[in-house]
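Okay, structure first, notes after.
By convention here, the first residue in the shown sequence is residue 1.
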Amino acid sequence: MNIFHIATIGCLLTLMIANAPGAEAQVQAPTAQKTEKADEQDENLAEIPGAISELMQQYHYDPSILSNPEYLAIEQKVASLANSGSTQAEFVAAFNKAWRDGPFSHVRLSVARMTASEMATYVDTIRVGGGGAVLDWQDDIAVLTVKTMMGLDTIEEIDAAFLDIAKRPTRGLIIDLRANDGGAFAVKPLVGHVVDTPVLGGVFVSRKWSGKHDRYPSQSEVEAVAPWQGWSVKAFWHDLQSDPMIRMEINPAQPTFDGPVYVLVSSRTASAAELAADAFAASGRAVIIGEQTAGQMLSQTMFDLPGGLQLALPVGDYYAFHSGRIEGKGVQPHIKVEADDAMTTALKLIGN
């Protein structure tokens with residue numbers, strides 16, 4: 001099988017673009033939508049809560065969740081914010097603050113830098129400016145720090161790192177995901193270079209599944225579906241809204257490192273980085289060290305709103321066969337230590 005694992009899409013794309021190393025210089029909106037009165041009182045905000053609620057009802061991966069008291073409370077709070085005389089900038093900030101502790105992750109409001117359609121196309125071409133993955137050495141121990149799963153250049157850096165590792169006697173490999181809050185396609189080579197057989201990670205389920213079932217698919221149901229073979233974020237967003245489920249699988253990549261692997265995680269390790277941590281654990285090829293991960297593992301899509309705003313909302317939920325549902329739970333490490341102590345622990349294990 002020649003399969004691309006889109007561990008990628010479960011991420012906060014607006015945050016990934018804004019926060020990835022060097023991203024500020026790289027992101028150029030082709031047709032950025034400007035809001036001239038962002039710092040003035042915006043009388044048009046009153047229509048935004050209704051538009052957000054309509055999008056949630058139409059596209060959320062499980063609309064039954066939208067009747068929960070926690071969601072209804074935020075919905076009411078957002079309506080109050082829109083009628084409070086706030087500026088657009090104040091409303092956006094207050095909305096995102098309210099959703100930090102919301103009933104599910106991957107909800108974010110922003111001023112559009114490009115249309116949602118343009119974003120879907122553009123995200124496949126993003127280069128974060130270098131530094132997404134950095135290889136260092138401690139004697140004969142390779143330390144690969146992966147700061148983001150986003151960016152074509154991050155993929156190139158990961159591939160180059162494993163080529164370098166293959167050229168040198170390497171006693172062990174440490175992959176540091178402690179500050180990685182997700183991204184996109186870099187998951188594929190990162191996991192692929194350390195496995196020698198395909199890894200079944202899990203499945204993304206959409207509202208076409210949740211609308212007919214009150215459970216996640218069984219492994220036999222998932223295995224009856226061909227692994228997803230798309231190569232773009234845009235294709236993934238499309239397929240997740242049209243298909244009941246998308247099966248995730250990672251294939252081996254050359255060169256393959258066959259020595260001991262230790263993966264460092266923290267409570268900041270989120271989204272696609274959590275999918276990577278789970279896939280490493282499922283493969284049996286790595287020891288996971290550190291803290292329970294963030295538990296922010298949904299797949300979001302961007303939608304345009306009136307007034308030049310844009311909403312990210314989750315259109316897919318992820319169920320991993322090794323860790324179970326990751327959203328709200330995270331991935332449990334094999335060895336639980338404080339994040340700051342994870343590197344020392346890994347080095348001691350390799351030394352022993």
Exercise. Side chains of V222 and M245: does their closest heavy-atom pair fall under 4.5 Å?
Worked result: yes

For this session: Look at R325 together with D317 and state whether they make a salt bridge at an N to O cut-off of under 4.0 Å.
Result: yes

Problem set entry | Residues which pass side chain to side chain contact (heavy atoms under 4.5 Å, CB included) with P252, listed by chain and number, not counting sequence neighbours | V195, P198

Exercise. Step by step, would you call T115 with S117 a side-chain hydrogen bond (donor to acceptor under 3.5 Å, both in side chains)?
Worked result: CA-CA 5 Å; T115 68; S117 177; 5.0 Å; no

Exercise. Are I155 and Y122 connected, step by step, through hydrophobic side chains (Ile, Leu, Val, Met, Phe, Trp, Tyr) whose heavy atoms are closer than 4.5 Å?
Worked result: yes

Problem set entry | Intermediate values then yes/no, side-chain contact (heavy atoms from CB on, under 4.5 Å), L152 and T154 | CA-CA 5 Å; L152 296 177; T154 302; over 6 Å; no

Problem set entry | F303 and Y59 aromatic centres sub-6.0 Å | yes

Exercise. So with a 6.0 Å cut-off around CG of D214, is the heavy-atom count from everything else above 12?
Worked result: no

For this session: Given side-chain contact (heavy atoms from CB on, under 4.5 Å), test E274 with L177 step by step and report yes or no.
Result: CA-CA 9 Å; E274 293 183 274; L177 302 179; over 6 Å; no

For this session: Taking all non-hydrogen atoms of both residues into account, name the closest pair between T293 and T269 and its distance.
Result: CB-O, 3.4 Å

Problem set entry | Enclosure of H213 NE2 (heavy-atom neighbours >12, cutoff 6.0 Å) | yes

Exercise. Which is it for D278 and S323 under the side-chain hydrogen bond (donor to acceptor under 3.5 Å, both in side chains) test, yes or no, and what are the steps along the way?
Worked result: CA-CA 6 Å; D278 170 80; S323 299; 2.6 Å; yes

For this session: Spell out, yes or no, whether I141 and I165 are grouped together once hydrophobic residues are joined by side-chain heavy atoms under 4.5 Å, including indirect joins.
Result: no

For this session: State yes or no: do F257 and L163 share one hydrophobic cluster built from I, L, V, M, F, W and Y residues joined by side-chain heavy-atom distances below 4.5 Å, directly or via other members?
Result: no

Exercise. Are the aromatic ring centres of W209 and Y216 under 6.0 angstrom apart?
Worked result: no

Exercise. Going through the checks in order, is the salt bridge (Lys or Arg N to Asp or Glu O under 4.0 Å) test met by K147 and E157?
Worked result: CA-CA 11 Å; K147 304 172 185 177; E157 289 168 346; over 6 Å; no

For this session: Before giving the answer on side-chain contact (heavy atoms from CB on, under 4.5 Å), spell out for L55 and L311 the whole-Å C-alpha distance, their side-chain angles and the decisive distance to 0.1 Å.
Result: CA-CA 9 Å; L55 286 172; L311 176 72; 4.1 Å; yes

Exercise. In terms of hydrophobic clustering (I, L, V, M, F, W, Y; side-chain heavy atoms under 4.5 Å; direct or indirect links), are Y318 and M150 co-clustered?
Worked result: yes

Exercise. With a 4.5 Å heavy-atom cut-off, do V78 and F91 have their side chains touching?
Worked result: yes

Exercise. Any donor-acceptor pair under 3.5 Å linking the side chain of H193 with the backbone of T256?
Worked result: no

For this session: List the steps, then state whether side-chain hydrogen bond (donor to acceptor under 3.5 Å, both in side chains) holds for S53 with E75.
Result: CA-CA 8 Å; S53 296; E75 194 174 50; 2.6 Å; yes

Problem set entry | NZ/NE/NH1/NH2 to OD/OE distance under 4.0 Å, R178 and E291 | no

Exercise. Are I52 and L305 close enough that some pair of their side-chain heavy atoms sits under 4.5 Å apart?
Worked result: yes

Problem set entry | same_hphob_cluster(I335, L173) at 4.5 Å side-chain heavy-atom cutoff | no

Exercise. Ring centroid separation for F104 and W99, is it under 6.0 angstrom?
Worked result: yes

Problem set entry | Residue pair V315 / Q300, side-chain heavy-atom distance below 4.5 Å | no

Exercise. Taking atom CG of L81 and atom CZ of F95, what is their separation to the nearest 0.5 Å?
Worked result: 9.5 Å

For this session: For E223, look at atom CD and say whether over 12 heavy atoms of other residues, nucleotides or ligands are found less than 6.0 Å away.
Result: yes

For this session: For W228 and A235, work out which heavy atoms get closest and say how close.
Result: CZ2-C, 3.9 Å

For this session: Could you check if a side-chain atom of K77 sits within less than 4.5 angstrom of a side-chain atom of S80, using non-hydrogen atoms only?
Result: no

Exercise. Are the charged groups of E249 and R247 less than 4.0 angstrom apart, N to O?
Worked result: yes

For this session: Please confirm whether Y61 and F204 have ring centers closer than 6.0 angstrom.
Result: no

Seminar exercise, completed: All heavy atoms of V265 vs all of P333, minimum pair found to be CG2-CB, 4.5 Å

For this session: Kindly indicate whether the side chain of R100, heavy atoms from C-beta on, has any atom under 4.5 Å from the side chain of K97.
Result: yes

For this session: Verify, without hydrogens or angle tests, whether D176 (side chain) and L144 (backbone) share a donor-acceptor contact under 3.5 angstrom.
Result: no

Problem set entry | Closest non-hydrogen atom pair, M56 against R207 | O-NH1, 4.2 Å

For this session: Applying side-chain contact (heavy atoms from CB on, under 4.5 Å), run through V287 and V261 and close with a yes or a no.
Result: CA-CA 6 Å; V287 176; V261 180; over 6 Å; no

Exercise. Just wondering, do I350 and R171 contact through their side chains at under 4.5 Å, heavy atoms?
Worked result: yes

Exercise. Looking at side-chain heavy atoms only, is the closest gap between V143 and L135 below 4.5 Å?
Worked result: no

Exercise. Where do Q292 and S267 land on the side-chain hydrogen bond (donor to acceptor under 3.5 Å, both in side chains) test, with the steps shown first?
Worked result: CA-CA 6 Å; Q292 179 179 326; S267 60; over 6 Å; no

